[in-house]
Amino acid sequence: MSSSSTDHTLAVEVVDSMERMSGRHPGQRRSSARGAAFRATFAPTGAAAALTTAAHLQTRPVPATVRFSNSEGNPHTPDTAPVTRGMATRFHLHDGSDTDLIALTVPRFVAATPREFLELTEALRPDPVTHQPDPARVHAFVGAHPHLAEAVAQQPPVPVSYASAAYWAIHAFVWVDAAGTRQAVRYRWEPEAGRLGLTADEAATRTAHYLTDELHQRLEQGPVEFVLRVQLADPDDPTHDPSTVWPDHRREIIAGRLEITAPADDQDHWDKQAFNPTRVTTGIQLSDDPVLAFRAHAYAESHLRRSHHR
Ligand code: HEM
């Protein structure tokens with residue numbers, strides 16, 4: 001079998017397992033089901049221009065669309081749940097093409113390989129009696145994969161706002177400059193509003209839809225901004241493992257500023273769209289991270305199912 005058909009077979013298995021974990025919700029994304037889309041402009045600082053030829057990282061601002069979401073595959077999970085949140089950004093380039101940057105409110109992914117992710121979703125499958133995951137199975141998963149203990153234990157605070165969390169794109173990507181020189185990078189969005197979480201008592205006073213409602217209200221007062229910070233790897237830093245991070249003291253540059261201005265006009269359109277972390281552009285390449293390459297197959301399978309209202 002070619003590696004692509006192997007990936008496809010595994011993607012079908014993974015998406016089946018995600019459905020067993022979160023329930024089957026026809027027409028919905030199999031992860032990050034509840035979300036809303038917003039209009040934005042991304043203005044590059046020019047600081048990245050010496051390292052990549054990517055069009056949106058030079059000097060000219062580009063329009064963008066941002067979809068914020070809760071990471072759950074169940075669209076009925078309330079916003080007050082202690083889950084990770086997602087920020088999927090599509091940059092609309094001036095040549096008519098697009099490039100995506102997809103991020104979560106944690107720096108590490110919970111698996112180093114697609115197969116580990118499959119095993120974790122199986123361990124998280126709710127018990128038929130309690131309807132909750134069995135902590136003993138999760139414990140056994142971590143026991144069998146001790147290198148994932150830190151990643152599985154991450155629990156970001158329930159945010160005050162979608163605008164008050166940092167979002168990591170987690171995987172390494174490779175920037176390529178005009179001379180063909182390569183530089184491995186990792187991206188992070190930092191909120192201009194600062195990182196602000198709710199206490200459990202505060203979260204208990206919020207509604208099931210507060211995150212989208214709050215962002216709509218906030219935007220009536222003015223734009224919401226994020227800074228795109230990019231960490232530059234040393235030549236020996238590994239690029240294949242999304243469950244690990246590079247040292248904090250690696251050099252960072254500010255590649256640009258994102259200004260979110262209003263809800264997107266056509267939410268239905270964005271409900272049907274599929275973001276894709278492998279949708280890169282000239283000047284950006286995928287790293288050797290097997291999870292990054294695999295995601296394209298899993299997202300396509302999820303999109304196929306929901307496009308047929310399955
Ligand atoms: C084995 C690894 C992963 C698998 C199998 C997986 C699976 C999925 C699936 C099936 C979807 C729904 C796709 C659709 O129907 O359009 C999704 C959405 C999403 N995933 Fe992942 N994911 C993985 C890793 C990650 C990582 C590492 C990140 C963050 C860097 C991430 C962030 C997101 C976000 C933010 C969305 C929502 C995108 C949107 O708003 O449309 N995922 N994921």
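First listed ligand is number 1; within each ligand, the first listed atom is number 1.
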Checklist entry - Side-chain contact, heavy-atom cut-off 4.5 Å: Asp16 with Arg305? => result yes

Checklist entry - Taking C-beta and beyond as the side chain, do Arg182 and Trp175 meet within less than 4.5 Å on heavy atoms? => result no

Taking non-hydrogen atoms only, is [X] closer than 4.0 angstrom to ligand 1 via side chain, backbone, both or neither?
| X | value |
| --- | --- |
| Ser32 | side chain |
| His171 | side chain |
| Pro114 | neither |

Pair [X] + [Y], salt bridge at N-O below 4.0 Å:
| X | Y | result |
| --- | --- | --- |
| Arg306 | Asp271 | no |
| Glu150 | Arg108 | yes |
| Asp79 | Arg206 | no |
| Glu252 | Arg229 | yes |
| Asp98 | Arg279 | no |
| Arg218 | Glu220 | no |
| Arg195 | Glu190 | yes |

With heavy-atom distances below 4.0 Å as the criterion, list the atoms of ligand 1 near [X].
| X | result |
| --- | --- |
| Met18 | 7 (C), 8 (C), 10 (C) |
| Val291 | 1 (C), 2 (C) |
| Ala298 | 5 (C), 10 (C) |
| Arg29 | 12 (C), 14 (C), 15 (O), 16 (O), 39 (C), 40 (O), 41 (O) |
| Ala169 | 30 (C) |
| Arg306 | 14 (C), 15 (O), 16 (O) |
| Ser302 | 10 (C), 12 (C), 13 (C), 14 (C), 15 (O) |
| Val14 | 5 (C) |

Next on the checklist: Measuring from non-hydrogen atoms of Val15 to any atom of ligand 1, is the shortest distance under 4.0 Å?
Outcome noted: no

Checklist entry - Does even one non-hydrogen atom of Ala103 get within less than 4.0 Å of ligand 1? => result yes

Tell me: protein heavy atom nearest [atom], and distance?
| atom | answer |
| --- | --- |
| atom 31 (C) of ligand 1 | Arg295 NH2, 3.1 Å |
| atom 11 (C) of ligand 1 | Ser31 CB, 3.6 Å |
| atom 4 (C) of ligand 1 | Phe117 CE2, 3.8 Å |
| atom 29 (C) of ligand 1 | Leu104 CG, 3.4 Å |
| atom 38 (C) of ligand 1 | Ala88 CB, 4.0 Å |
| atom 7 (C) of ligand 1 | Tyr299 CE1, 3.4 Å |
| atom 34 (C) of ligand 1 | Ile102 CG2, 3.5 Å |

Examine [X] against ligand 1 and note whether any of their N/O atoms are separated by less than 3.5 Å.
| X | value |
| --- | --- |
| Gln273 | no |
| Arg67 | yes |
| Arg30 | no |
| Ser69 | no |

Checklist entry - Using the ring of each side chain (for Trp, its six-membered ring), is His56 parallel, tilted or perpendicular to Phe91, with breaks at 30° and 60°? => result tilted

Item to check | Heavy atoms from other residues, nucleotides or ligands near NE2 of His139 exceed 12 (cutoff 6.0 Å) | outcome: no

Checklist entry - Between the side chains of Ser287 and His171, does any donor sit under 3.5 Å from an acceptor? => result no

Item to check | Criterion side-chain contact (heavy atoms from CB on, under 4.5 Å) against Phe294, the qualifying member of Thr6, Val14, Thr278 | outcome: Val14

Checklist entry - Can a cation-pi geometry be assigned to Arg257 and Phe42, taking NZ or CZ under 6.0 Å from the six-membered ring centre and within 45° of the ring axis? => result no

